[in-house]
Amino acid sequence: MSDNNVFNSIMTGLNEALEDAQSEKPILKRHKVTVEPVKVYDASEVKKIRNSTGMSQKTFASYIGVSDKTVEAWEAGTNHPSGAASRLLSMMEMDKDLIIKFPFVKNAIAK
């Protein structure tokens, strides 16, 4: 695409946006996006999810990307997962095959 075509495309989009903003009734399509709040997990829920994976606390912590002390604290109820860790727990809860689809931890047989 030439510089002139890019400029014209941008100007067309901006003019459409201005026209839409100035009109009483919206002209352009709008999409409403809602994000589900991050779930708060209690100790028993974390342990249940971990047990469903068959992983030890240490392996589970490595899979999620936190320290094993963090998982210990979650399961003891002295701390709770938040942010990205809670999202990952939600995904693991919704899709039991997640750890198979995304095998960050590999099982090796000792010789």
Side-chain angles (χ1 to χ4, degrees):
M1 193 182 265
S2 74
D3 288 344
N4 195 35
N5 287 342
V6 172
F7 175 79
N8 288 335
S9 176
I10 292 170
M11 287 307 297
T12 299
L14 288 173
N15 286 327
E16 287 175 357
L18 281 172
E19 186 180 336
D20 180 73
Q22 293 169 351
S23 69
E24 293 209 13
K25 189 173 180 186
I27 299 167
L28 300 174
K29 285 185 186 178
R30 287 174 168 62
H31 299 276
K32 183 176 181 180
V33 176
T34 54
V35 177
E36 191 173 312
V38 176
K39 182 176 177 182
V40 177
Y41 285 92
D42 67 26
S44 64
E45 291 172 309
V46 173
K47 189 169 189 169
K48 181 180 176 186
I49 293 168
R50 181 183 60 79
N51 285 336
S52 74
T53 68
M55 293 183 202
S56 66
Q57 285 182 339
K58 186 173 181 125
T59 304
F60 189 73
S62 292
Y63 186 85
I64 291 184
V66 298
S67 74
D68 49 333
K69 293 289 183 195
T70 298
V71 173
E72 284 178 27
W74 291 346
E75 291 188 7
T78 55
N79 203 348
H80 300 281
S82 62
S86 288
R87 281 286 186 226
L88 188 51
L89 287 171
S90 293
M91 291 167 64
M92 294 172 90
E93 196 173 36
M94 288 179 200
D95 185 353
K96 303 301 181 202
D97 293 330
L98 189 76
I99 62 170
I100 295 165
K101 292 174 186 172
F102 299 96
F104 301 124
V105 176
K106 298 203 176 7
N107 221 354
I109 299 172
K111 293 183 182 184

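Heavy-atom minimum distance, Ala17 versus Leu28: CA-CD1, 4.1 Å. Of all non-hydrogen atoms in Phe102 and Tyr63, the two that sit nearest each other are O-OH, 2.8 Å. The minimum heavy-atom distance between Trp74 and Pro81, with the atom names listed, is NE1-N, 3.3 Å. Between Gly77 and Ala43, the shortest heavy-atom contact is N-CB, 3.7 Å. Contact detail for Arg87 and Glu36: the closest heavy-atom pair is NH2-O, 2.6 Å.
Side-chain polar atoms of Ser9 and Thr12 form no donor-acceptor pair below 3.5 angstrom. No side-chain donor-acceptor contact under 3.5 Å links Thr59 and Ser62.
The side-chain heavy atoms of Thr53 and Met92, taken from C-beta on, include a pair separated by under 4.5 Å. With a 4.5 Å cut-off on side-chain heavy atoms, Glu45 and Lys39 count as touching.
In the hydrophobic cluster analysis, where Ile, Leu, Val, Met, Phe, Trp and Tyr join through side-chain heavy atoms closer than 4.5 angstrom, Leu88 is grouped apart from Val38. Cluster annotation: Met94 is not connected to Met91 through the hydrophobic network of ILVMFWY side chains, with a link wherever side-chain heavy atoms come within less than 4.5 Å.
For Tyr41, the ring pair (Phe, Tyr, Trp, His ring centres under 6.0 Å) criterion is met by no residue, not counting sequence neighbours.
Between the CG atom of Asp95 and the NZ atom of Lys101 there is a distance of 3.5 Å, given to the nearest 0.5 Å. Separating the CD1 atom in Ile49 from the NZ atom in Lys96 is a distance of 7.0 Å, to the nearest 0.5 Å. Separating the CD1 atom in Ile64 from the CE atom in Met55 is a distance of 8.0 Å, to the nearest 0.5 Å. Note that the NZ atom of Lys47 and the OG atom of Ser52 stand 13.0 Å from one another [nearest 0.5 Å]. To the nearest 0.5 Å, atoms CD (Glu72) and NZ (Lys58) are separated by 10.0 Å. Atom CG in Leu14 sits 6.5 Å away from atom CG in Leu18 (nearest 0.5 Å).
Ion pairing between a basic and an acidic side chain is recognised when a charged N comes within 4.0 Å of a carboxylate O; Asp20 and Lys25 show no such pairing. Contact check on Lys48 versus Glu93 returns no salt bridge, with no Lys/Arg side-chain nitrogen under 4.0 Å from an Asp/Glu carboxylate oxygen.
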Can you check side-chain contact (heavy atoms from CB on, under 4.5 Å) on Glu16 and Ile27, steps first, answer last? CA-CA 9 Å; Glu16 287 175 357; Ile27 299 167; over 6 Å; no

Please lay out, stage by stage, how Asn79 and Thr70 fare under the test side-chain contact (heavy atoms from CB on, under 4.5 Å). CA-CA 8 Å; Asn79 203 348; Thr70 298; 5.6 Å; no

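Panel note: side chain Thr78, backbone Ala73; a donor-acceptor pair is recorded below 3.5 Å.
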